[in-house]
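Basis for what follows: all heavy atoms, side chains included, without hydrogens, waters or symmetry-related copies. Each chain gets a letter, A, B and so on, in the order its sequence line appears, and its residues count up from 1. Just so it is clear, the model here is predicted, and its values are computed rather than measured.
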Amino acid sequence: MTAYWLVKSEPAAWSWDDQVRDGTTHWHGVRNYQASNNLKAMKLGDLAFFYHSVTGKEIVGVVEVVKLYYPDPSDPKGIFGMVDVKAVKPFATPVTLEQIKHDDQLNHLALIRQSRLSVMPIDVEAWKRICALGGITA
DNA sequence: GCCAACGTTGGC
DNA sequence: GCCAACGTTGGC
């Protein structure tokens, strides 16, 4: 059973274009227990929305989990881990934070309620709805 | 173990 | 650029 997620990245640091160019990458740098626990819960083949935070504030594409949680070598304390993700497809139309905030079926998401969380689960209904808004098939 | 101080994220 | 939210750190 595929689970669905959302991961955030500031495009100035790491953008969807960077992700597409490099294909498969290490989702390193998470330094928050809740986000890290979400990474830990990801399974191979799970899908995640790729969200541009700060600049853009919109979901721009879909990535797939291709390697399970393992230690993040960039964490000097060796506490946090990461997964590997691969670009799957871009949204035909990016779905903005503004849209999600004003959508009765979507404004329950942690993206709105917990704005600082950088890795979060997305329920199936919300996944389907956002895919529809983005002009892609779920 | 509490809590004040501090640092970071991310929307506005 | 500001600041609210909130997680982390460290003194006690």
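For A:Lys77 and A:Phe80, the positive end is not near the middle of the six-membered ring at less than 6.0 Å and at most 45° from its axis.
In summary, the side chains of A:Asp72 and A:Ser74 do present a donor paired with an acceptor at a separation below 3.5 Å, with no hydrogens or angles considered.
Partner of A:Asp84 under the side-chain hydrogen bond (donor to acceptor under 3.5 Å, both in side chains) criterion, chosen from A:Tyr69, A:Trp27, A:Tyr70: A:Tyr70.
A:Asn38 contributes atom CG, which lies 6.0 Å from atom CG of A:Leu117 (distance to the nearest 0.5 angstrom).
When DNA chain C is scanned in the 5' to 3' direction for atoms under 4.0 Å from non-hydrogen atoms of chain A, the outermost contacting nucleotides are C:dA5 to C:dT9.
The aromatic ring centroids of A:Phe91 and A:Phe50 lie 6.0 Å or more from each other.
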